[in-house]
Amino acid sequence: MADPVLTVAELLRPVFTRIAGGLDSDPVVRRSDRADAQVNGSLALAKALGKSPREVAQMVLDACDLSKVCSATEIAGPGFINVTFSNEFLARELVAAADDVRLGVRNAPAKLKVVVDYSAPNVAKEMHVGHLRSTVIGDALVRMLEFVGHSVVRENHIGDWGTPFGMLIEHLIDLGETEAANELSVGDLDSFYRQARIKFDSNDEFKERARARVVLLQGGDDETLRMWKLLVGESTRYFDKVYQTLGVLLTSDDLMGESAYNPLLAHVVDRLRASGLIEISDGAEVVFPDGFLNRENEPLPLIIRKTDGGYNYATSDLACVIDRVERIGANVVLYVVGSPQSQHLEMVAAVSRRAGWVPESTELTHVAFGNVLGADRKILKSRSGEAVKLDALLTESVERAAEAVKEKNAELPAAQQAEVARQIGIGAVKYADLSTDRIKDYMFDWERMLAFEGNTSPYLQYAHARICSIFRKAGIDRASVRRITPTVEHSAERALTMRLLQFDTAVWDTLDKYSPHRLCTYLFELASEFSSFYEHCPVMRADSEEQKMSRLALCDFTARVMEQGLALLGIESPEQM
RNA sequence: GCUCCCGUAGCUCAGAUGGAUAGAGCGGCGGACUUCUAAUCCGUAGGUCGUAGGUUCGAUUCCUACCGGGGGCGCCA
């Protein structure tokens, strides 16, 4: 338990409970700008006891001994207890956290199997900024869940099945396989898809062929499947390339496309029918989950089987749930999917639960997110009015970063400049995406993202690089200062120390709501606190050898938390920049 | 029409289970580089927290109703 606020809360909880007459009573300890922390619980408790809040606060202080952790306590205002942590306590906690592989972050109370469904691009279609959000948010969550000890299964639910494949395969035939493969491999997927779509919309003969091809595909025709695999193969190769550039954990091993659930769809319908949930409505087989209404205020169905006998995405999403719960044994399933899908996912969850496929204890959560907007507050488009290709976006970011590196640190060898530019450019894109509340739309802005000031990844990376630079120039091995107990004296040292101990809370708050921006906010505060410390507390020219070693220890731990924190977001930490 | 989400400083955004004077960055203004990377730091100005009610000792936070913006609402995914 690295966070001192939690330590105080744990110490006070039994005291509050005793005063409350045995009822579990939360001391309500919060960070404060009037002291290190404030205890608010007395106010709520006072009413129940018919005493004044200040009186209760005094009872609390009389009944407990906080001397091991606090250097001062006072009752303030209507009945708050302000506490100041003792410097010795903070130093002790810091050493303990520095000695921990997880840097003070608590392990998960129980190891859970967590399925994270994210990225989900479509075969034979370009990856756009829209996919950036799912990919980057999902990746960060995967890293954090694993960090605290959960067992994570990554699933990339790619769009590799359905009616569009009829026209795509026919277009492939028209083009010739060699030419098609060539076009697909250079990443010109949009043009391939568009050409197929144009022919489908304007050419009746082609449309007929496409329809017939879908039937062949669904019927398992060998030759059709071979061509389908060609399309899927070229696309997934391209996805892998983008994932590699982006630096996310997804690989081809994580592919669980819609086609994978195809053989299970009939079974889904059978099971629903056996449970008596299926109803026939306008010729389609549907389930009516409670609480969902259509425009006419009539029950809204989840369509399981269309009038023409075909299945749709609801069916495959249900198969997905069954697979994840029954085969994988998931305790938690996270859908990192855009917010427009929220009603659909709620309906899928409702039907799954009603069918008894998902135990009460199993969590199905929609980790929803908003759009990436351009300066005009509309969905980000390129100059020509098309969706922005993810690949091109990343390339541009690295190029822009390279210019900045060249300008700021020209002495760096060219090869290293390129590597640092890559780390900064990719990090900036990811951080811009992760650092705001995911549920909201965010505005994409090159200037701000790569401005290297304010709440941006270059600013955080810079704090880390400066620390590395101190050790490098002094010729001191970082590990050698790791056991030193720092002397927390200067206010900047104190602020930094307290912030370092909050890494634990930051990670858990983030996981609690699946909101990576909370970790970002924490890391930004840490970087600000460090920059202030750096300015006010000289390390190599400290007043004494003891102070120097103390500050080196603080620096080392700061760098470790920063590097680990950024790594949890999927962002690299260059040692020079 | 029903329903979900959003509405905080000029701009871009933080504000966990309600807690004492609402925070940061950018931009503005004013300072700090012979000193561990100034890609930095320090100071300052700037807000009826969309509006109106309600619950509470206490509301940016919870509830209700409005106003504004966006999404969803049966055989696309």
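Below, chain A is the first sequence line, B the second, and so on; all start at residue 1.
Cation-pi geometry between A/R466 and A/Y534 is met: the NZ or CZ atom falls under 6.0 Å from the ring centre, inside 45° of the normal.
Shortest non-hydrogen contact noted between A/V429 and A/M449 is CG2-CE, 3.6 Å. Smallest separation of non-hydrogen atoms from A/S25 and A/L45: OG-CD1, 4.1 Å.
Across all strands shown, A/K408 has heavy atoms under 4.0 Å from base atoms, whether or not it also approaches the sugar-phosphate.
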Reading 5' to 3' through nucleotides 26-35 of chain B, protein heavy-atom contacts under 4.0 Å coded B for base, S for sugar-phosphate only, - for none:
---------B
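Here B/C73 presents its C1' atom at 12 Å from CD1 of A/I303, a figure rounded to the nearest Å. Rounding to whole angstrom units, OH of residue A/Y311 and P of B/G74 are separated by 23 Å. Atom-to-atom, CZ of A/R31 to C1' of B/A14 comes out at 13 Å; the value is rounded to the nearest Å. One can place CG of A/N455 at 8 Å from C1' of B/A14, the figure rounded to the nearest angstrom.
Counting atom types as modelled, A/T456 pairs no side-chain N or O with a base atom of B/G25 as donor and acceptor under 3.5 Å. Under 3.5 Å, the side chain of A/Y462 and the base of B/A39 form no donor-acceptor pair of N or O atoms.
Distance check on atom P: B/A14 versus B/U56 gives 32 Å, rounded to whole Å. For the P atoms, the distance linking B/G7 with B/C62 amounts to 11 Å, nearest Å.
Residue A/P301 has its side chain nearest to B/G74 when only B/G74, B/G19, B/C75 are considered. When each of B/A39, B/C42, B/G19 is scored by its nearest atom to the side-chain atoms of A/A44, the top-ranked nucleotide is B/G19.
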At a cut-off of 3.5 Å, list every protein nitrogen or oxygen paired with a nitrogen or oxygen from nucleotides 1-11 of chain B, distance to 0.1 Å.
unit_1	atom_1	unit_2	atom_2	d
B/G7	OP1	A/K440	NZ	3.2

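One side chain, A/Y431 or A/N455, offers a donor N or O that lies under 3.5 Å from an acceptor on the other.
Paired runs in RNA chain B that reach 3 or more consecutive Watson-Crick or G-U pairs, where each pair keeps both distances under 3.5 Å, cover B:1-7 with B:67-73, B:10-13 with B:23-26, B:28-32 with B:40-44, B:50-54 with B:62-66.
Taking the six-membered ring wherever Trp is involved, the centroid distance between the rings of A/Y261 and A/H157 falls below 6.0 Å.
Proximity of A/I424 to A/V420: side-chain heavy atoms (C-beta onward) are separated by under 4.5 Å at one or more points.
Nucleotide B/C41 carries an anti base; the chi torsion (O4'-C1'-N9-C4 or O4'-C1'-N1-C2) is more than 90° from 0.
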